[in-house]
Amino acid sequence: MAVAIDSVDGGVPWTPAGPLTGALFRVRMHGVFYSWTRAAEPLAVDMPSLPDCLSFHVVTQGEVWITVDGHPPTKLKTGDVALVPRGLGHSLATELGLPSSGQVDELPQEMVSDHYSIMTLGRPDRAISTAMLCGIVGFDSPAVDEVLQLLPRLIHIDGGLEGLVGLMVDELQHWRPGGEAVTTRLADVLVVQAIRRWLESD
């Protein structure tokens, strides 16, 4: 990521160059909601349109197709990360063409806290075949919201962030004091790293 050196005494020693890198440098999230989603059968759910928000999905088991309005379906494998920067409606399915079970916010789920739920789909006597960590975030800086509008409808990162994802999953699976704060900061890093990876490759 390009940087410019500020040589003025008392100035910021490393100042991001350009509006996108500057926004990433200042990114701080708020209003984060996470859902640990597990399915023991074919999965198909819809994500509603959420203006001024960013959605992210991390596949931790199995494979999932993500379809964003105005973008072709994209297959996510285990370890892949997908960002939907503009709050666009989209769908997640283990197979294309499956009928949707409905919007995720209308499906039964266990609320662990105000900002975290666990959703299990399918018969409880069957082994889990698909698992995802899904998140919805807003941002403290209006400048970030403006920059996100410049990003594509879908950013797909083909692996490479497993260490960071593992830390997030560990925090959510083993709920401890301060877990929400730690997970939110990790989500900051996940989003920035995913966008940086996209910038490097595109």
Side-chain angles (χ1 to χ4, degrees), residues 1-7 11-36 47 50-60 63-88 90 92 115 131-172 179-202:
M1 183 163 61
V3 297
I5 299 177
D6 186 348
S7 60
V12 178
W14 295 95
T15 303
L20 182 55
T21 52
L24 294 180
F25 185 74
R26 296 187 300 272
V27 66
R28 286 294 182 273
M29 298 180 184
H30 68 82
V32 180
F33 186 86
Y34 304 98
S35 179
W36 182 246
M47 292 288 296
L50 298 165
D52 302 321
C53 290
L54 175 147
S55 298
F56 67 82
H57 305 283
V58 182
V59 178
T60 60
E63 296 181 345
V64 176
W65 287 90
I66 180 169
T67 304
V68 181
D69 294 345
H71 192 282
T74 300
K75 180 185 282 189
L76 308 178
K77 304 181 298 297
T78 299
D80 286 7
V81 177
L83 304 185
V84 184
R86 307 183 195 175
L88 300 172
H90 55 284
L92 299 158
H115 302 283
M132 294 182 295
L133 172 61
C134 304
I136 301 168
V137 301
F139 298 91
D140 291 330
S141 171
V144 176
D145 294 331
E146 295 172 6
V147 172
L148 290 178
Q149 298 302 315
L150 303 176
L151 296 175
R153 290 171 173 260
L154 174 67
I155 293 177
H156 172 211
I157 303 302
D158 186 7
L161 299 176
E162 289 85 356
L164 180 57
V165 169
L167 290 174
M168 294 182 68
V169 170
D170 181 68
E171 285 293 333
L172 291 171
E180 287 186 8
V182 172
T183 306
T184 299
R185 296 288 76 81
L186 290 172
D188 278 351
V189 179
L190 176 71
V191 170
V192 171
Q193 287 289 80
I195 294 175
R196 288 176 68 185
R197 286 279 304 276
W198 173 76
L199 287 171
E200 291 167 0
S201 62
D202 193 339

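The model shown is predicted, which means the values in this text are computed figures rather than measured ones.
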Just so I know, are the side chains of [X] and [Y] near enough to count as touching, which here means a heavy-atom distance under 4.5 Å?
X: Leu190; Y: Val58; value: yes
X: Met47; Y: Ile136; value: yes
X: Arg197; Y: Val81; value: no
X: Trp36; Y: Leu133; value: yes
X: Leu151; Y: Trp198; value: yes

[atom2] on [Y] to [atom1] on [X], rounded to 0.5 Å:
X: Phe33; Y: Leu50; atom1: CZ; atom2: CG; answer: 11.5 Å
X: Cys134; Y: Phe56; atom1: SG; atom2: CZ; answer: 8.0 Å
X: Leu92; Y: Leu76; atom1: CG; atom2: CG; answer: 7.5 Å
X: His156; Y: Ile66; atom1: NE2; atom2: CD1; answer: 9.5 Å
X: Gln193; Y: Ile195; atom1: CD; atom2: CD1; answer: 10.5 Å

Could you tell me whether a side-chain N or O of His90 sits under 3.5 Å from a main-chain N or O of Leu88, the two making a donor and an acceptor?
-> yes

By side chain to side chain donor-acceptor pair (under 3.5 Å), Glu162 pairs with (sequence neighbours left out) none

Could you give all pairs that pass the salt bridge (charged side-chain N to carboxylate O under 4.0 Å, His left out) test and reach residues 65-85, with sequence neighbours left out?
-> Glu63-Lys75, Lys77-Asp80, Lys77-Asp158

Quick one: closest heavy-atom pair of Leu154 and Val84, and the distance?
-> CD1-CG2, 4.2 Å

